[in-house]
Every structure is written in structure tokens, then in C-alpha cells.
Amino acid sequence: MTRGMLPDRELTQIEKELIPVIPLRERALAMAPDLISASFPATSEVPVAAVCFQDATRVLCECRTALYECYTHGIYYRQYKSPPQESTATSMEQFFLSDLALRLYPAGEHLASAIIFALEITEADLARYKNGRASIQLVVGNYLINEQPKSLVTQAIRKLAASREWKLAMKYRGEYVHDQPPSVEGLGIWYKRQPRWTRDPSAKKMTLALGSGDKPDYSTERVREFLEKGFSCLVQAAGECIGCFERELRSKNVQLQ
């Protein structure tokens with residue numbers, strides 16, 4: 001553990017404020033793929049959707065843990081550590097927020113895979129929507145919007161894709177993986193990956209600032225705001241997709257555990 005103990009009242013308050021995921025996880029675990037398979041032809045891959053939903057909800061639980069630890073570490077180092085350690089609080093918050101961002105992406109990928117199996121979407125169906133895309137969720141999202149615009153699953157995915165916070169969360173994750181990791185305020189001097197000489201229009205000459213660094217991209221408060229909302233949107237989308245699959249299973253008289 002990288003922090004000390006917090007009073008129960010603090011932990012209880014954090015738990016109350018975070019979106020619950022365990023009920024969704026339990027619904028996914030209730031869909032036993034072996035039992036579901038008994039109601040489908042031996043060649044059907046529809047029951048594999050249950051496995052993907054379980055994968056998605058497991059990672060969503062991990063996302064919640066990262067967010068929980070972000071809150072607890074920030075509170076501990078600012079309010080209960082003597083003397084308060086603001087830079088440590090910020091550093092730990094950044095660590096757990098980056099962890100959250102990195103886990104949101106695979107959770108979305110697992111959800112997209114679940115949709116593929118549940119709706120029996122083939123590789124041929126998806127081929128025209130790949131266009132060099134590596135992300136399963138982007139391919140599946142484009143397929144659903146164009147081919148099944150009225151389905152409840154499409155509505156859930158469309159709502160997620162339209163979320164400004166989800167877009168920011170994926171942008172943050174993309175920068176972390178494919179570009180320079182995003183910076184946050186309060187962690188010392190930071191430099192962008194760019195030449196240090198700049199042109200001064202008024203003096204019509206090149207200038208070089210020494211030791212000043214560049215303005216950070218975010219504050220941890222801002223990152224937490226859009227990542228938490230993006231996480232909430234993904235949990236909601238997963239819940240709606242699981243609900244659609246549950247109804248399909250019940251229509252085939254499949255008993256959920």
C-alpha cells in the first residue's frame with residue numbers, strides 16, 4: 001500500500017460517490033457459457049458473448065479500483081499526512097488516473113467483442129468498416145450505426161460514442177500510448193517534445209527561454225473529471241448491452257444463475 005489508513009467515514013463516502021460495478025459483474029457471471037451453450041447449436045458462437053461480457057466487467061471492476069485509489073491517495077496525502085504532501089498526492093493521483101485510462105480502452109474492446117458474438121456479426125460484415133482501424137470498438141460502432149441503427153445495442157453504443165468525456169478519455173489514453181504522456185500541474189518543470197527556440201514576432205528574432213519549461217496539459221482534477229464520467233458512460237453502455245443479451249437468453253428459456 002502506498003498510503004496510510006483513512007477513517008471509515010472517508011472510505012464510506014468515496015464508495016457512495018463512485019458508480020457501482022459489482023451488480024453488473026454479478027449479472028455477467030450469472031451467464032454461464034457452458035449452460036448457455038446447451039440452448040444453442042454446437043456450432044454457434046453466441047455463448048462466447050457471455051465470456052466477453054465477463055471479461056469486460058472484470059476490467060470495469062479494475063477501473064473502479066483505480067479511481068477509488070486515486071481518491072484515497074489524494075485525500076490521505078493532503079489531509080491526513082503530516083505535514084501535507086501536495087506533490088505526492090498529485091503524483092499518486094496521476095498514476096491511478098493513467099491506470100484508469102489505460103484500462104478503459106480494453107474494457108471497451110471486450111464489450112465490442114461481446115456484441116460481435118451476441119449479434120452473430122461476421123468478419124465479412126465488418127470488413128467494409130475496418131478501413132485500417134485497429135480498434136474493435138470503432139469498427140463495431142460504425143457497423144452498428146450503419147447496419148442496425150434502430151437496435152437497442154446501437155443506441156447504447158451511439159450514446160457512449162457521443163459522450164464528450166468518453167472522447168476525452170480515449171484521447172488521453174491515445175496520447176499516453178502513442179505520443180508524449182500527458183502532463184499535469186504540480187509535478188515540476190515539464191517540456192513538450194518540440195524545439196526550444198521560438199520566434200518572437202515583435203522582435204523579429206529567435207528567442208530561447210531557459211529553465212521555464214512548458215505549461216502542463218491538465219490538472220489532476222480535470223483528468224479525474226472526464227475519466228470518471230467516461231467510465232460511468234462505459235458502465236452504462238455495458239449494462240444496456242448485457243440487458244439486451246439477458247433478454248435474448250430468456251427468450252430461449254435459458255436459466256441465468
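Counting heavy atoms from C-beta outward, Leu256 and Arg250 have side chains that approach closer than 4.5 Å. Side-chain contact between Glu10 and Met5: absent, with no pair of heavy atoms (C-beta onward) separated by less than 4.5 Å. A 4.5 Å side-chain heavy-atom check between Val139 and Tyr143 finds every atom pair outside the cut-off. For the pair Arg78 and Thr90, the minimum side-chain heavy-atom distance is below 4.5 Å. Contact annotation: the side chain of Arg173 approaches that of His178 to within less than 4.5 Å [non-hydrogen atoms, C-beta and beyond]. Taking 4.5 Å as the limit, some side-chain heavy atom of Pro106 sits within range of a side-chain heavy atom of His110.
Atom CD of Glu221 sits in a crowded spot, with more than 12 heavy atoms from other residues, nucleotides or ligands closer than 6.0 Å. More than 12 heavy atoms of other residues, nucleotides or ligands shown are found within 6.0 angstrom of CD on Gln79. No more than 12 heavy atoms of other residues, nucleotides or ligands sit less than 6.0 Å from atom CG of Asp8. Atom CD of Gln194 has more than 12 heavy atoms from other residues, nucleotides or ligands within 6.0 Å.
A cation-pi contact, defined as under 6.0 Å to the ring centre and within 45° of the axis, is absent between Arg3 and Tyr76.
Cluster membership check: Ile75 shares its hydrophobic cluster with Leu18, using side-chain heavy-atom separations under 4.5 Å among Ile, Leu, Val, Met, Phe, Trp and Tyr. Following chains of ILVMFWY side-chain contacts shorter than 4.5 Å, one cannot reach Ile242 starting from Val51, and the two form parts of different hydrophobic clusters. Taking hydrophobic clusters as Ile, Leu, Val, Met, Phe, Trp and Tyr residues chained together by side-chain heavy-atom distances below 4.5 Å, Leu138 does not share a cluster with Phe117. At a threshold of 4.5 Å between side-chain heavy atoms, the hydrophobic network of Ile, Leu, Val, Met, Phe, Trp and Tyr places Tyr129 and Ile116 in one connected group. Note on Leu60: it does not cluster hydrophobically with Ile22, by side-chain heavy-atom contacts below 4.5 Å among ILVMFWY residues.
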| said: Go through it in stages, so that I can follow the logic: the residues are Phe245 and Val153, the test is side-chain contact (heavy atoms from CB on, under 4.5 Å), and I'd like the CA-CA distance, side-chain angles, deciding distance and then a yes or no. | reply: CA-CA 9 Å; Phe245 192 54; Val153 170; over 6 Å; no
- Phe40/Leu249 under side-chain contact (heavy atoms from CB on, under 4.5 Å): CA gap, chis, key distance, verdict: CA-CA 10 Å; Phe40 288 86; Leu249 294 178; 4.0 Å; yes
Take Thr72 and Glu69 through the side-chain hydrogen bond (donor to acceptor under 3.5 Å, both in side chains) test and state the conclusion after the steps.
CA-CA 5 Å; Thr72 57; Glu69 291 299 336; 3.1 Å; yes
- Message: Using side-chain contact (heavy atoms from CB on, under 4.5 Å), reason through Val46 and Glu120 one step at a time and then give a plain yes or no.
- Response: CA-CA 7 Å; Val46 172; Glu120 299 183 274; 3.4 Å; yes
Problem - Step-by-step side-chain contact (heavy atoms from CB on, under 4.5 Å) determination, Phe231 to Glu165 - result: CA-CA 9 Å; Phe231 168 56; Glu165 288 79 10; over 6 Å; no
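Ion pairing between a basic and an acidic side chain is recognised when a charged N comes within 4.0 Å of a carboxylate O; Glu225 and Arg222 show such pairing.
Between Gly213 and Ile189, the shortest heavy-atom distance links the atoms CA-CG2, 3.7 Å. For the residue pair Ala107 and Val59, the shortest heavy atom distance occurs at CB-CG1, 3.9 Å. Of all heavy-atom pairs between Gln54 and Pro33, the closest is NE2-CD, 4.0 Å. Closest approach of Pro182 and Asp217 over heavy atoms only: CA-OD2, 3.6 Å. Residues Val184 and Pro216 come closest through the heavy atom pair C-CB, 3.7 Å. Contact between Cys63 and Arg103 at its shortest, heavy atoms only, is SG-CB, 3.5 Å.
No donor-acceptor distance shorter than 3.5 angstrom exists from the side chain of Thr57 to the backbone of Leu24, with no hydrogens or angles considered. Listed for the Glu109 side chain is a donor-acceptor partner under 3.5 Å among the backbone atoms of Ile136. No donor-acceptor pair under 3.5 Å is formed between the side chain of Glu62 and the backbone N or O of Asp99. A donor-acceptor pair is defined here as one N or O able to donate and one able to accept, closer than 3.5 Å; no such pair exists between the side chain of Ser87 and the backbone of Leu187. Thr154 contributes no side-chain N or O that, together with a main-chain N or O of Lys150, makes up a donor-acceptor pair within less than 3.5 Å. A donor-acceptor contact shorter than 3.5 Å is absent between the side chain of Ser163 and the backbone of Lys159.
Thr122 and Asp125 share a side-chain donor-acceptor pair at under 3.5 Å.
Between Asp179 atom CG and Lys171 atom NZ the span is 9.0 Å, to the nearest 0.5 Å. To the nearest 0.5 Å, atom CG of residue Leu111 and atom CD1 of residue Ile115 are 4.5 Å apart. The OG atom of Ser91 sits 6.5 Å away from atom CD of Gln94, with the distance rounded to the nearest 0.5 Å. Atom CG of Leu227 sits about 8.0 Å away from atom OG of Ser98, to the nearest 0.5 Å. To the nearest 0.5 Å, atom OH of residue Tyr71 and atom CD of residue Glu93 are 9.5 Å apart. Rounding to the nearest 0.5 angstrom, the gap separating the CG atom in Leu152 from the CD1 atom in Ile157 is 11.5 Å.
When Arg25, Met31, Glu246 are each tested for a side chain to side chain contact (heavy atoms under 4.5 Å, CB included) with Phe53, only one passes: Met31. A side-chain hydrogen bond (donor to acceptor under 3.5 Å, both in side chains) with Gln13 holds for exactly one of Arg9, Glu17, Glu15; it is Glu17. Applying the ring pair (Phe, Tyr, Trp, His ring centres under 6.0 Å) test between Tyr218 and each of Phe226, Tyr176, Trp190 identifies Phe226 as the sole match. Between Asp214 and the choices Lys192, Arg193, Arg196, the side-chain hydrogen bond (donor to acceptor under 3.5 Å, both in side chains) rule is met once, by Arg196.
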